[in-house]
Amino acid sequence: MMNWDRSQTIALAKTTCAHCHGYGLRPGRYDREVPCNCVFRAIFRVCYLRFRDCTNRDRHLSRVRLEFCNGKDNRLTYGRKVEEYIADFCLVSRNALSPLEYDIFRFHYLLGADWKLCCWRLVVDRGTFFHIIYKIEQKLGRVFRELEPHSLFPLDEYFGGTMSNDRPSRTVAMVPKRAPARVLRPPVGLSAA
Ligand SMILES: [Zn+2]
């Protein structure tokens, strides 16, 4: 089980949260402090915003690939990471959610249907819909952060330096800052060398 401390949660917690009062941790079992659900929802929302950003960007990827596939431009690397992120976001969510949760996730977050359309299509009432939305965001926020060996959050670790062109070595850029012992995927392209 991963360790959470206040320095991680306080930046994500909702300042007006009635459960953690903006600290992001609350008392759990065995006198341990556990992350508050508002922290998980915040993580979900950060990841979801990046997902939407990536799907918008992906429309332009084929052009980018044509322009840079013969060069050494890091934008191509970033493009691959974007594609991987989109796939991971969808797959991890599908694996983590129950069938009803996944239906709501798909309609609302992936296809952009509002609550009225979702309620009509899935035959649930408004209260149930928002209750499940809360559960989805909490569940996925935790999974996105705790996923091994390769968490989606924090995003700067996931995207590991691929956004800028000033780092010549991708191997160095892939090393995570906080968890050096974690097993990593080999950098793309190096495994066949
Ligand atoms: Zn809270």
Side-chain angles (χ1 to χ4, degrees), residues 1-56 81-82 84-119 122 124-160 163 176-182:
M1 188 173 169
M2 83 172 272
N3 287 314
W4 289 81
D5 61 49
R6 191 154 290 185
S7 66
Q8 290 181 64
T9 59
I10 200 164
L12 293 161
K14 187 179 172 187
T15 47
T16 55
C17 179
H19 302 287
C20 71
H21 309 286
Y23 289 103
L25 291 171
R26 55 180 184 170
R29 281 185 205 166
Y30 313 115
D31 282 340
R32 286 185 57 147
E33 287 193 307
V34 295
C36 184
N37 286 330
C38 70
V39 170
F40 294 130
R41 289 198 298 272
I43 290 173
F44 172 82
R45 283 192 293 266
V46 168
C47 292
Y48 178 56
L49 280 177
R50 177 62 66 91
F51 170 79
R52 286 178 49 165
D53 184 45
C54 285
T55 51
N56 287 332
K81 207 69 196 172
V82 164
E84 198 175 280
Y85 182 78
I86 292 169
D88 279 351
F89 184 90
C90 294
L91 196 68
V92 166
S93 301
R94 199 177 63 188
N95 289 339
L97 299 175
S98 74
L100 175 62
E101 288 167 353
Y102 183 68
D103 275 344
I104 288 182
F105 173 80
R106 201 160 56 87
F107 281 119
H108 184 59
Y109 294 103
L110 301 186
L111 302 175
D114 66 11
W115 69 268
K116 284 181 188 166
L117 193 56
C118 289
C119 290
L122 299 167
V124 293
D125 61 73
R126 187 178 184 277
T128 306
F129 173 80
F130 283 104
H131 178 74
I132 294 174
I133 285 290
Y134 254 54
K135 257 176 76 182
I136 289 171
E137 296 193 351
Q138 288 163 22
K139 222 172 184 178
L140 293 184
R142 179 193 286 273
V143 172
F144 290 165
R145 179 65 186 92
E146 296 187 347
L147 192 70
E148 296 285 346
H150 202 66
S151 67
L152 268 67
F153 186 89
L155 292 171
D156 59 346
E157 285 183 15
Y158 184 92
F159 283 89
M163 270 194 264
K177 274 165 263 164
R178 279 182 221 130
R182 201 166 55 179

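Quick caveat: nothing in here was measured; it's all calculated off a predicted structure. First listed ligand is number 1; within each ligand, the first listed atom is number 1.
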Legend entry - Y134 atom OH, over 12 foreign heavy atoms within 6.0 Å: no
Legend entry - Residue R45 excluded, over 12 heavy atoms near CZ under 6.0 Å: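 Correct, the count exceeds 12.
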Inset, instruction - Give a yes or no answer on whether the side chain of T55 reaches the backbone of F51 with a donor-acceptor pair at less than 3.5 Å. - result: yes
Inset, instruction - Verify, without hydrogens or angle tests, whether D53 (side chain) and L49 (backbone) share a donor-acceptor contact under 3.5 angstrom. - result: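 Checking the backbone N and O of L49 against the side chain of D53, no donor-acceptor pair under 3.5 Å is found.
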Inset, instruction - Determine whether the aromatic ring centres of F89 and Y158 lie less than 6.0 Å apart. - result: no
Inset, instruction - Please state whether the rings of Y85 and F159 are parallel, tilted or perpendicular, taking 30° and 60° as the class boundaries. - result: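 Aromatic pair Y85/F159 classed tilted.
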Inset, instruction - Measuring from the Zn ion (ligand 1), count protein N/O/S atoms under 2.8 Å, please. - result: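 N, O or S atoms of the protein closer than 2.8 Å: 4.
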